[in-house]
Amino acid sequence: MGGVMKRLCFLGPVLIGAVLLGPEPALAADVTVPASEPVPWWVWPLALFVVCFLLGIVAVPAGVGGGVLFVPIVGGFFPFHLDFVRGAGLLVALASALAAGPDLLRGGLASLRLALPLALLASASSIVGAMIGLALPASTVNVLLGVTVLGIVVLMTLAKKSEFPEVPRPDRLSQALQMHGVFHDAAQTRDVSWQVHRTPLGLVLFTGIGILAGLFGVGAGWANVPVLNLLMGAPLKVSAGTSSFILSLVDSSAAWVYLNRGAVLAIIAVPSVVGMMLGARIGARLLKVLKASVVRRWVIGLLLFAGLRALLKGLGLWN
Amino acid sequence: MADNPSNDVSRYASPEQLRYAGILGTGALIGFVLLVGIFVVYMSGWVTPLVPPEQLVTLWKQPVHHYLAVSGQGTGWGWLAQIHRSDVANLLGIAWLATISMPALLTVMGMALRRGDRRFALLALAEVAVLALAASGILGGGH
C-alpha cells in the first residue's frame, strides 16, 4: 500500500465534507420519481463509507481483499439492487489492486511474467462471468453468491499455506514463458529464487476464477492465492502480491461490462472505494497491534453470516 | 540504505515491470483524484445531475434495466453524450481506472519487442485486446 494510498488519505475528509455539508442537489434534472423514502438519501452513501471503512480495517489483518467482503455484506444489508452492488464491488477490488500494484511490482512481490498468462484467461472469462451475472435474475445470483461465500468460508478455515513451496522442476510452459523470479524476503533478510509448475492446470483454474469474479463482482484473491501458492508453487508472498496485480486486469475487464450496462452508480461506488481504501490503510497500521488470527475468525464469522443471508435471500426465506 | 538489497529494485523487477509500475502508479493517482473530485462536484449540486440523489433512493432498489429505462442513461459509450450531468460525469474517473492498464501493457509490449521477446509481447497485446473488447461495449452493452 504505497504512495497512491498515502495521497488518497487527503481525499477522504473532502468526500465526507461534500456529502455532509454540500447543498441539496439541483432539482432540474430530467427524471421525476416519487421520493417517499423514510430515510434521507444522504444517509446511505455515508453509511456505506463508514461500513467500507470498517471492512477495510479488518480486511488487511484477516488477509482477504475488501471486494469479497463488500458484495455479500452490502448486498445483504443495504437497500441496493445486486446489479449495482456488484458493479461497485468490482470498483472496490479494482481500486485496491491499482493502489497496491505499483509497489508490489517494484519490490518483486508481484511478477508481471507470472501474472500475464493467468490474467489473460481470467480477464477474458470475467467478461463472460459479468455478462452471465447481469443476465441472471437477482435471486439466482444471490443463491450462487451465498453458496460461493460459504465455500470461501470453508476454504479460509481449512486451506493450508506454504511459505516456500518446493518446485523440483518447472514445467515446459512456465519455462517457455519465463515464469520465474527473485524476491527479497525481509523477514528472513535473504533473496529467494522461485519458479512454478503445473501451469496448464493453473491456467484452467484461473479461467474459472475469472468467471466467478465477473459473475459476483468480487475480487478473487481468496482463490488466486491458493492456486498460485499451493498448486503452482509460487512463494506465499509472491502469490499474494501477484494475485493482487492480476485483479487489476481481471476486474478492469469485468468493470467495463458493468459500466457499459449502466450498472455502476457513483453514489454507491465512490464512497465504497474511498472508505475501503482509507480503512485498509488503518488496517495495515493496526496489523502490528491486532492479533491477526482473532480478526480472521471475526471475518470468517462475518462472511458465514453474509453468505447465509445471501443464500436465504435468494431462496426467498429472508427478505 | 544502499546496503539493503531490498532497496535495489532492479534486482527484483525487470525494466518492463518497473516501467509498468510507474505508469500504473501515476495513472491510478490521476484516476483517484478524478473520482473524488467529480464526486465532490456531484454532491455539491453545482452541476445538474441526470438523476437527483434523493430520487435514486427508489431507483437503486430496482434492477439496472429499470434504472436505465427511467433515467434515460445511455448504455455502452452512450454515457459520454450525458457527460455534462454530474452523476454521469463520475463514470469518467471509473472508466479511467479501468483503462490505465492498457497504456502500461502497450508500453511493456514495445519494450519486449525491442528485446526480441515476441512471446511476452504477444501476451501483452492479447491482454490489451481483451480489455479493448470489454471496453468496446460490443459484448457487454451498447444496445
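Just so it is clear: chains get the letters A, B, ... in the order the sequence lines come, proteins before strands, and each one is counted from 1.
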Under a 4.5 Å heavy-atom cutoff, which of [options] has the most pairs with chain A?
| options | result |
| --- | --- |
| B:V108, B:N90, B:L123, B:L68 | B:L123 |
| B:A132, B:P63, B:S101 | B:P63 |
| B:I38, B:V57, B:I23, B:D87 | B:V57 |

Between atom [atom1] of [X] and atom [atom2] of [Y], what is the distance when rounded to the nearest 0.5 Å?
| X | Y | atom1 | atom2 | result |
| --- | --- | --- | --- | --- |
| A:H81 | B:K61 | NE2 | NZ | 12.5 Å |
| B:L29 | A:L98 | CG | CG | 11.5 Å |
| B:L133 | A:S253 | CG | OG | 9.5 Å |
| B:L24 | A:R106 | CG | CZ | 9.0 Å |
| B:I94 | A:L90 | CD1 | CG | 11.0 Å |

Exercise for review: Compute the ring centroids of B:W96 and A:W256, then answer whether they are less than 6.0 Å apart.
Suggested key: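 No, the ring of B:W96 stays outside the 6.0 Å limit from the ring of A:W256, centre to centre.
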Exercise for review: Report yes if the distance between the aromatic ring centroids of B:W60 and A:F84 is under 6.0 Å, otherwise no.
Suggested key: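 So the answer is no for these two rings.
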Exercise for review: Under 4.5 Å, counting heavy-atom pairs only, tell me which of A:L249, A:L265, A:D251 racks up the most with chain B.
Suggested key: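 The candidate making the most pairs under 4.5 Å is A:L249.
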Exercise for review: Flag the one option from A:I267, A:L259, A:V39 with the top tally of heavy-atom pairs under 4.5 Å to chain B.
Suggested key: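 Greatest number of close heavy-atom pairs with chain B: A:I267.
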Please classify the contact between [X] and chain B as side chain, backbone, both or neither, with a heavy-atom cut-off of under 4.5 Å.
| X | answer |
| --- | --- |
| A:A186 | neither |
| A:A119 | both |
| A:A130 | neither |
| A:L91 | side chain |

Practice item. Give a yes-or-no answer on whether the side chains of B:Y12 and A:D191 include a donor-acceptor pair shorter than 3.5 Å. Key: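 Distance-only check passes for B:Y12 and A:D191.
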Check your understanding: Any idea how A:F245 and B:Y20 line up, ring-wise: parallel (<30°), tilted (30 to 60°), or perpendicular (>60°)?
Key ->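 Plane angle over 60°, so perpendicular.
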Practice item. Report the C-alpha separation of A:M277 and B:F32 in whole Å, then their side-chain angles, then the decisive distance to 0.1 Å, and conclude whether the side-chain contact (heavy atoms from CB on, under 4.5 Å) test is met. Key: CA-CA 11 Å; A:M277 294 185 73; B:F32 293 135; 3.7 Å; yes
Review point. Is there a donor-acceptor pair under 3.5 Å between the side chain of A:D83 and the backbone N or O of B:V64?
Key: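 Flag set: sc A:D83 to bb B:V64 pair under 3.5 Å.
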Point to revise | Exam field: side chain B:Q17 to backbone A:L105, donor-acceptor pair closer than 3.5 Å | key: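 Indeed, once roles are kept as given, a pair shorter than 3.5 Å links the two residues.
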Check your understanding: B:T75 and A:N260: side-chain contact (heavy atoms from CB on, under 4.5 Å), yes or no, with the steps?
Key -> CA-CA 5 Å; B:T75 54; A:N260 285 329; over 6 Å; no
Exercise for review: Show your reasoning for whether side-chain contact (heavy atoms from CB on, under 4.5 Å) applies to A:L116 and B:F120.
Suggested key: CA-CA 9 Å; A:L116 209 47; B:F120 187 73; 3.8 Å; yes
